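Owing to the predicted nature of the structure, the values given are computational and were not obtained by experimental measurement. All values below were derived from every heavy atom in this structure, side-chain atoms included, with hydrogens, water molecules and symmetry-related copies excluded.
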Amino acid sequence: MRLVLIHPNYHSGGAEIAGNWPPAWVAYLAGPLKAAGYTDIHFIDAMTHDIGEDELRARIAALKPDIVGATAITPSIYKAERALEVAKEAAPSAITVLGGVHATFMFKQVLSEAPHVDAIVRGEGEEVFLDFVRAVEDGRWQADRKKIKGIAYAEDGPIVATQAASTVKDLDGIVPDWSILDWEKYIYIPLNTRLAIPSLARGCPFTCSFCSQWKFWRDYRVRDPQKVVDEIEDLVNNHGVGFFILADEEPTINKRKFTEFCEELIRRGLPERVKWGINTRVTDIKRDMDMLPLWRRAGLVHISLGTEAAAQLKLDRFNKETKVEENKEAIRLLREADIFTEAQFIVGLENETVETLEETYRYARDWNPDLANWTMYTPWPFTPLFQELRDKVEVFDFEKYNFVTPIMKPDAMDRATLLDRVMHNYRRFYMIKALFHYPWRGRGFRRKYLLGCLRAFAKAGFARTFYDLGKVGYWGPQSKEKVDFHFDDTRQIAEAQMADWEAMADRKARAAERKAAVRDQVKAEKARLAKLQAETKACGGVDKVEV
């Protein structure tokens with residue numbers, strides 16, 4: 001049984017400016033497969049190696065695989081679909097499988113537009129994909145596919161989704177195969193060292209309206225910190241990793257486990273050999289302010305904060321459960337602990353204005369983080385905020401859903417003006433940092449890291465890959481009228497997917513109506529009892545009415 005796994009060749013001017021990111025999904029998928037005896041696994045990282053269709057076709061034809069699998073987030077979905085189409089052309093008898101967050105929630109869309117995709121793995125892939133591979137090997141994939149939990153497929157027209165598989169309960173039982181990656185290619189530019197993306201936990205207990213991670217992972221689970229440090233020690237010793245970023249949405253949620261993780265890193269002397277970064281919430285920084293020195297001793301040097309907005313109204317809309325004033329305090333605490341801070345702002349909703357964008361800049365200057373990012377709101381088509389804004393979403397070209405392209409058109413400006421104002425914020429913020437901050441901020445590691453971040457920005461800016469500026473033709477305010485985002489207007493939501501959305505919306509509407517009816521009944525009953533009690537007291541009765 002020969003398996004070929006493909007990371008699609010998709011690029012955008014967002015996270016890639018910091019370096020080449022190792023596709024951790026293939027390591028976590030290959031580990032359980034090899035443990036189960038499937039050792040003939042080949043990985044093609046078409047993104048990192050910039051592999052075109054002709055080379056991909058030749059490599060697949062030479063390998064003659066039984067199964068070809070790929071993954072996709074929303075912006076890479078078309079590249080993933082095309083990669084599997086090329087696989088079918090090169091190896092017609094191979095079974096093609098697609099996984100990832102987009103395919104999980106948009107399987108009806110994918111199967112409608114990509115008939116060459118034989119099956120979709122929905123949700124976490126380690127256990128579901130292993131079951132699928134066993135079914136293919138046994139020759140029962142066609143006959144028994146309705147019994148395989150967690151997949152979807154098209155069956156002579158109708159699209160079938162089998163019963164959802166449970167989430168992986170024993171995360172510590174998953175031993176990733178990091179050797180499947182070509183480590184020389186995964187470099188973190190600020191430190192010019194190899195980069196890894198392991199995970200401490202899966203899931204998130206918060207339900208931010210613009211995010212899909214809490215829906216994809218479903219329940220929150222934390223690994224044994226010692227097992228995670230074992231994994232990091234292997235990455236450092238055997239693969240030369242010098243920097244890692246925890247893949248978790250918020251690894252500090254479980255304070256006890258995160259503290260154990262930091263203490264174990266220190267106990268093994270790893271902070272002298274590897275530094276790391278995380279994403280987390282400002283509320284956790286305030287809660288754990290006494291632990292920040294420990295975090296820094298453990299090698300944690302960079303924290304990206306989901307500050308998200310400079311206006312409380314937006315934070316409430318995002319369901320962030322945080323306050324604007326908490327952002328400044330969290331950044332101050334991290335600065336005092338000698339941990340680099342990165343503030344994230346989500347911009348580009350329908351109510352964005354020149355004034356609100358200017359407000360985010362003023363807050364960025366006032367809070368004074370080391371780094372700031374203005375991220376275009378991307379309406380993931382499987383999030384609550386998308387359902388709220390759906391009538392205002394005009395672009396369904398998912399390849400542009402990449403955090404740097406303005407998918408939404410604000411009511412008060414056009415998309416080119418939105419991009420120009422965001423670039424205006426970037427220019428001002430990083431000009432001040434480059435002239436008055438980074439070169440003079442301490443010595444040794446701090447100065448090296450900040451200048452490395454500046455180098456990454458400069459490299460992306462010179463190549464015009466930052467924010468896809470070269471692709472859209474933006475050269476500054478004078479070029480606004482010529483900016484072209486190249487939206488593919490032929491891309492639309494498939495009828496099957498739309499029907500699914502409408503059914504879901506109807507179910508939510510009926511549920512909301514039922515809740516409202518119950519609230520009205522409770523309110524009416526309370527009013528009746530209050531009136532009865534008042535009448536009883538007026539007649540000289542007891543103070544309390546028993547029912």
Side-chain angles (χ1 to χ4, degrees), residues 5 7 19-36 38-39 41 43 45 48 71 124-127 129-130 167-188 191 193-204 213 217 220-280 294-295 297-303:
L5 302 176
H7 195 68
N20 291 326
W21 300 80
W25 69 271
V26 73
Y28 284 99
L29 206 61
L33 287 168
K34 289 187 176 181
Y38 298 100
T39 58
I41 303 175
F43 176 51
D45 188 348
T48 301
T71 189
E124 292 173 289
E126 292 89 353
E127 295 177 349
F129 189 52
L130 179 57
T167 55
V168 177
K169 302 306 179 186
D170 182 18
L171 289 181
D172 293 321
I174 299 174
V175 180
D177 175 25
W178 291 109
S179 66
I180 199 168
L181 300 178
D182 180 5
W183 283 100
E184 291 183 357
K185 295 293 183 179
Y186 306 113
I187 301 298
Y188 186 59
L191 292 177
T193 189
R194 294 183 184 180
L195 168 69
I197 309 181
S199 64
L200 173 66
R202 289 184 180 179
C204 181
Q213 291 299 306
W217 299 111
Y220 177 68
R221 293 146 288 153
V222 188
R223 298 173 60 192
D224 179 349
Q226 291 203 19
K227 297 284 188 182
V228 182
V229 177
D230 287 343
E231 190 175 319
I232 290 166
E233 196 166 34
D234 169 64
L235 288 165
V236 173
N237 291 339
N238 299 318
H239 304 294
V241 168
F243 192 84
F244 69 86
I245 299 173
L246 287 178
D248 312 25
E249 290 301 298
E250 188 188 353
T252 55
I253 293 175
N254 189 315
K255 181 176 181 178
R256 180 178 63 83
K257 289 289 185 73
F258 190 72
T259 300
E260 289 178 15
F261 174 69
C262 291
E263 290 173 340
E264 187 63 18
L265 286 169
I266 295 171
R267 190 184 70 79
R268 301 192 197 185
L270 285 169
E272 301 302 317
R273 305 171 61 197
V274 64
K275 306 301 182 188
W276 49 292
I278 63 171
N279 298 284
T280 196
L294 173 70
W295 295 5
R297 289 199 306 274
L300 176 56
V301 298
H302 187 143
I303 293 183

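Here the rule is side-chain contact (heavy atoms from CB on, under 4.5 Å) with L200, and of V229, D224, D248 only D248 fits it. Screening I278, T252, L300 for a side-chain contact (heavy atoms from CB on, under 4.5 Å) with L246, the sole residue that qualifies is I278.
The 12-atom threshold is not exceeded at NZ of K185, counting heavy atoms of other residues, nucleotides or ligands nearer than 6.0 Å.
At least one side-chain heavy atom of W25 sits less than 4.5 Å from a side-chain heavy atom of L5. Taking the side chain as every heavy atom from C-beta outward, P23 and Y186 approach each other to under 4.5 Å.
You'll find the ring centres of F261 and W276 inside the 6.0 Å limit.
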message = Between I303 and W295, is the side chain to side chain contact (heavy atoms under 4.5 Å, CB included) condition met? List the steps.
response = CA-CA 11 Å; I303 293 183; W295 295 5; 4.0 Å; yes
request  = Decide side chain to side chain contact (heavy atoms under 4.5 Å, CB included) for F244 and V236; before the verdict, give the C-alpha distance in whole Å, the side-chain angles of both, and the deciding distance to 0.1 Å.
outcome  = CA-CA 10 Å; F244 69 86; V236 173; over 6 Å; no
key: Derivation of the side chain to side chain contact (heavy atoms under 4.5 Å, CB included) call for E124 and T167   = CA-CA 7 Å; E124 292 173 289; T167 55; 3.2 Å; yes
task = Determine, stepwise, if the pair E127 / L130 fulfils side chain to side chain contact (heavy atoms under 4.5 Å, CB included).
result = CA-CA 5 Å; E127 295 177 349; L130 179 57; 5.8 Å; no
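Electrostatic pairing of R268 and E264 counts as a salt bridge here, judged by a charged N lying under 4.0 Å from a carboxylate O. Using a 4.0 Å cut-off between charged side-chain N and carboxylate O, R221 and D172 make no salt bridge. For R256 and E260, the salt-bridge test passes: some basic side-chain N is under 4.0 Å from an acidic carboxylate O. The pair R202-E126 counts as a salt bridge, with a side-chain nitrogen and a carboxylate oxygen less than 4.0 angstrom apart.
Not counting sequence neighbours, F129 has no partner by the ring-ring contact (aromatic ring centres under 6.0 Å, His included) test. In this structure, the side chain to side chain donor-acceptor pair (under 3.5 Å) partners of T48, at least two apart in sequence or on a different chain, are D45. Residues passing the side chain to side chain donor-acceptor pair (under 3.5 Å) test with N237 are R273, sequence neighbours excluded. Every side-chain contact (heavy atoms from CB on, under 4.5 Å) that N238 has, sequence neighbours left out, goes to D234. Every residue meeting the side chain to side chain donor-acceptor pair (under 3.5 Å) condition with K34, not counting sequence neighbours, appears here in chain and number order: D177. A search for ring-ring contact (aromatic ring centres under 6.0 Å, His included) contacts involving Y28 returns W178, not counting sequence neighbours.
Of all heavy-atom pairs spanning F258 and P251, the tightest one is CD1-O, 3.5 Å. Across all non-hydrogen atoms, the minimal contact from Y220 to E250 is OH-O, 4.4 Å. The nearest pair of heavy atoms linking I174 to P32 is CG2-CG, 4.0 Å. Shown here for Y38 and I41, the closest heavy-atom pair between the two residues is O-CD1, 3.1 Å. A30 and I180 make their closest contact through CB-CD1, 3.8 Å (heavy atoms, listed as atom of the first residue, atom of the second, distance). Smallest separation of non-hydrogen atoms from P198 and I232: CG-CG1, 4.2 Å.
Considering CD1 of I187 and CZ of R194, their distance stands at 6.5 Å, rounded to 0.5 Å. For the atom pair CZ (R267) and CD (E263), the distance works out to 10.5 Å, reported to the nearest 0.5 Å. Between E272 atom CD and L265 atom CG the span is 12.0 Å, to the nearest 0.5 Å. Rounding to the nearest 0.5 Å gives a distance of 9.5 Å between OG1 of T193 and CZ of F243. Going from atom CZ of R223 over to atom CG of N254 covers 14.0 Å, rounded to the nearest 0.5 Å. To the nearest 0.5 Å, atom OG of residue S179 and atom NE2 of residue H239 are 6.0 Å apart.
Side-chain N/O atoms of T259 and K257 include no donor and acceptor closer than 3.5 Å.
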